[in-house]
Amino acid sequence: MKLARDEQEMLDGKQGRAKQRGMEILAQYGEALGAERLIETNNVHLLIGFHPYPEMVTARDTDELVSKFFLDTDERIMVDYVKCFNTTHIWAMDIDRWQAMGAPESLHELMEAIRKYCIRTGISITATCTPYQVGNVPTNGEHCAWTESSAVPFCNAVLGARTNTETAHSAFAIALTGKVPLSGFHIDENRLGTHLINVELAPGSVFDWNMLGYFAGETVQLGVPVYNLSVPGTPSLSMLKGLNAAGASSGGIMMYHIIGVTPEAPTTEAAFGGKKPEEVLSYGKAERKRAYENLNSAKDENVDMITLGCPHYSLEQLRDVARLLEGKRVHDNVNLWIWTAHQLKAIADRNGYTDIITRAGALLLTDACPLVTKDIFPEGIRIVATDSAKQAHYTPGVAGYDAWFGTMEECIDCAVTGKWRGELR
Amino acid sequence: MSRIVLKGRKVVGGASEGEALVTRQTISTWGGVDALKGIITERRHELRDQSFAGKVLVFPSAKGSSGWSTMAQVIRLAGKAPKAMIIREVNSLTAIGAVVMRAPTVTDLDQDPTEVIATGDWVKIDADKGIVEVTKKV
């Protein structure tokens with residue numbers, strides 16, 4: 001990989017050890033990708049507030065801890081100030097309500113240490129899987145470097161900005177240096193469609209877009225699907241959030257097109273760049289049924305826990321769930337945890353949604369998510385219900401629980417009755 | 001014993017050899033792997049409950065979570081890393097994942113490694129030269 005003069009300077013240590021370490025990682029990463037060169041970025045979504053095994057390394061202080069985990073070195077590297085504008089992915093627990101969710105004091109102390117590190121080094125704590133909901137909305141064509149597999153297709157497909165799915169290590173190196181390897185979805189031709197999916201049904205709900213994404217991910221894997229809707233319509237943010245998360249769980253969809261909807265697909269021809277699709281697929285009743293069945297791993301209708309907000313609930317979803325819970329009471333045998341971004345909870349507080357949710361006996365939580373807080377779940381959880389294909393997909397592999405997948409309405413019915421009564425309609 | 005030589009390019013340098021564990025399905029290390037045990041846990045994966053520790057892992061690429069390199073590092077720290085990796089098509093997740101896994105890794109081979117190599121074959125890798133030597137299991 002060719003380095004520009006300023007990049008070589010960084011690699012030579014002329015701009016400090018932290019940038020040098022970032023450039024060392026990028027040089028290896030770029031070579032691993034087969035990238036010819038690096039390009040500039042000023043928009044990074046970092047992963048720094050969560051690690052599944054924080055006890056895995058010993059460190060005298062946060063600088064050493066961050067160096068070991070995120071700069072992948074035993075050398076204690078002092079970061080002065082991160083170069084790029086950045087936001088942060090989810091943290092290990094609700095930063096404010098950690099006690100309500102039963103998180104241990106030790107985790108709170110670790111999160112406080114990381115929080116102080118972030119403040120000192122210019123890292124913006126948004127603590128969400130949905131940066132695009134809380135102040136990081138890239139512009140058309142902007143080169144970004146985002147973690148979170150469900151946020152990446154939002155950046156690429158919905159906004160027309162450009163990113164690959166970055167990770168804790170690559171994103172930190174990119175944020176330190178302001179450089180990202182020119183590869184994958186930063187390059188025009190890689191953004192073109194590979195598979196045409198004729199969507200024969202009209203996906204009119206978040207539930208349906210989740211299943212469409214789950215089918216697509218499993219089918220196209222690393223491809224770029226082009227959705228051709230037989231019934232024209234414009235999906236909402238909540239629907240696309242579900243589509244994106246599902247397709248990046250059963251597969252690795254980082255980019256897609258919806259003909260007539262997303263910015264790089266005014267026509268089928270534009271979506272494929274005039275080329276023929278590698279494969280033409282149909283999504284109809286049978287495919288929908290298979291996605292539904294693949295998502296439902298649970299058999300026991302007695303549910304212990306319902307978790308909503310994967311990815312973090314939108315304002316629309318918070319309004320809807322508050323409406324469904326108004327005057328209701330969560331069953332004694334179950335827990336209902338609803339996740340959103342800190343900033344959206346502030347709006348929910350002001351609008352009374354939080355009061356309604358809390359009065360019903362549920363928790364409205366922020367910053368983390370059900371997939372990273374399984375160790376903090378109340379004891380005795382065996383069966384989880386959710387309206388998220390992503391969560392239903394990962395729950396058995398991550399936590400060992402079986403999952404029910406259905407609509408928000410079915411999840412709330414389950415929360416109130418303690419029984420899963422969902423079905424494919 | 002039949003031998004096959006594949007040529008490709010380095011992802012992460014080094015040389016190693018070992019028994020192949022092959023899948024034609026993509027892998028998500030976060031959410032699909034028990035990193036401390038080095039075992040695939042994804043519910044509908046063809047390698048479910050199988051260990052990749054000390055094997056030469058042959059797979060198409062990464063899907064899923066951006067926690068890929070976090071878990072690749074955990075796998076390495078837990079001593080459960082594969083001896084080497086052969087990836088059909090590198091993407092951002094597998095590229096940085098291989099870097100922090102610190103296992104010799106190759107990609108862009110002249111034949112599809114998930115077709116040519118079978119689980120149990122003996123595989124020798126010189127990642128710096130991009131060469132893979134496969135000795136078929138009899």
Side-chain angles (χ1 to χ4, degrees), chain A residues 25 28-35 45 47 50-53 56-57 68-70 72 89 129 145-152 163-171 173 181 183-185 217-218 221-222 248-254 294 297 371-372 390 393-400 402, chain B residues 8-13 24-36 39-45 48-49 60-78 85 87-102 105-108 127 130:
Chain A
I25 292 171
Q28 286 182 288
Y29 176 39
E31 188 172 66
L33 283 165
H45 192 51
L47 173 53
F50 168 71
H51 192 282
Y53 306 103
M56 204 150 192
V57 300
K68 283 188 173 177
F69 276 135
F70 303 120
D72 199 35
H89 196 356
C129 47
W146 278 19
T147 61
E148 173 49 26
S149 59
S150 75
V152 164
T163 186
N164 294 310
T165 304
E166 301 297 348
T167 70
H169 300 98
S170 60
S183 75
F185 297 105
E218 189 142 347
Q221 286 295 313
L222 306 180
S249 302
S250 57
I253 298 175
M254 300 183 194
N294 282 339
S297 52
L371 291 170
V372 303
K390 174 173 182 170
H393 171 85
Y394 280 123
T395 291
V398 169
D402 289 332
Chain B
R9 69 166 180 93
K10 173 180 97 167
V11 176
V12 171
R24 288 182 191 172
Q25 295 180 346
T26 50
I27 293 173
S28 183
T29 53
W30 187 89
V33 161
D34 183 328
L36 298 182
I39 286 169
I40 305 271
T41 57
E42 185 176 337
R43 186 167 65 96
R44 294 183 295 115
H45 203 284
R48 188 181 180 182
D49 295 332
S61 201
K63 68 172 173 184
S65 167
S66 58
W68 225 95
S69 74
T70 299
M71 297 315 268
Q73 189 192 43
V74 170
I75 289 165
R76 184 193 90 217
L77 292 172
M85 296 196 289
I87 304 169
R88 189 172 67 200
E89 182 189 350
V90 155
N91 64 0
S92 51
L93 298 172
T94 39
I96 189 69
V99 168
V100 299
M101 186 91 85
R102 300 183 192 169
T105 302
V106 291
T107 192
D108 291 344

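Computed from a prediction, not measured in an experiment: that's the story for all the values here. In what follows, every chain begins at residue 1, and chains take the letters A, B, ... in the order their sequences are listed.
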Between L222(A) and A62(B), which heavy-atom pair has the shortest distance, and what is it? CD2-O, 3.1 Å
Between A168(A) and T70(B), the two heavy atoms sitting closest are CB-OG1, 3.6 Å
Out of [options], which one racks up the most heavy-atom pairs below 4.5 Å with chain B?
options                            : value
H169(A), M56(A), H393(A)           : H169(A)
P52(A), A399(A), S297(A), S249(A)  : S297(A)
L371(A), L47(A), N294(A)           : N294(A)
W146(A), F69(A), F185(A)           : F69(A)
P396(A), A248(A), G251(A), G252(A) : G251(A)

Identify which part of V152(A) has an atom lying under 4.5 Å from any heavy atom of chain B, answering side chain, backbone, both or neither. neither
Under a 4.5 Å heavy-atom cut-off, does chain B meet the side chain of Y394(A), its backbone, both or neither? both
Look up atom CD in Q28(A) and atom CZ in R102(B), then write down how far apart they are to the nearest 0.5 Å. 8.5 Å
Contact leader toward chain A among [options], where contacts are heavy-atom pairs under 4.5 Å:
options                        : value
I87(B), V99(B), V33(B), T94(B) : V99(B)
L36(B), I40(B), V12(B)         : L36(B)
G64(B), G97(B), A35(B)         : G64(B)
G13(B), P60(B), S65(B)         : S65(B)

Would you say that V57(A) contacts L77(B) through its side chain, given a criterion of any heavy-atom pair below 4.5 Å between the two side chains? yes
Counting N and O atoms only, with roles assigned by atom type, does the side chain of Q73(B) sit under 3.5 Å from a partner on the main chain of K68(A), one being a donor and the other an acceptor? yes
Between S92(B) and T165(A), is there a donor-acceptor pair closer than 3.5 Å when you use the side chain of the first and the backbone of the second? yes
Of L93(B), V100(B), I96(B), which is the lone residue that meets side chain to side chain contact (heavy atoms under 4.5 Å, CB included) with S170(A)? I96(B)
Side chain from CB out, backbone as N, CA, C, O: work out which of these in V74(B) comes under 4.5 Å of a heavy atom of chain A, or both, or neither. both
The single option from T147(A), D72(A), T167(A) passing side-chain hydrogen bond (donor to acceptor under 3.5 Å, both in side chains) against S69(B): T167(A)
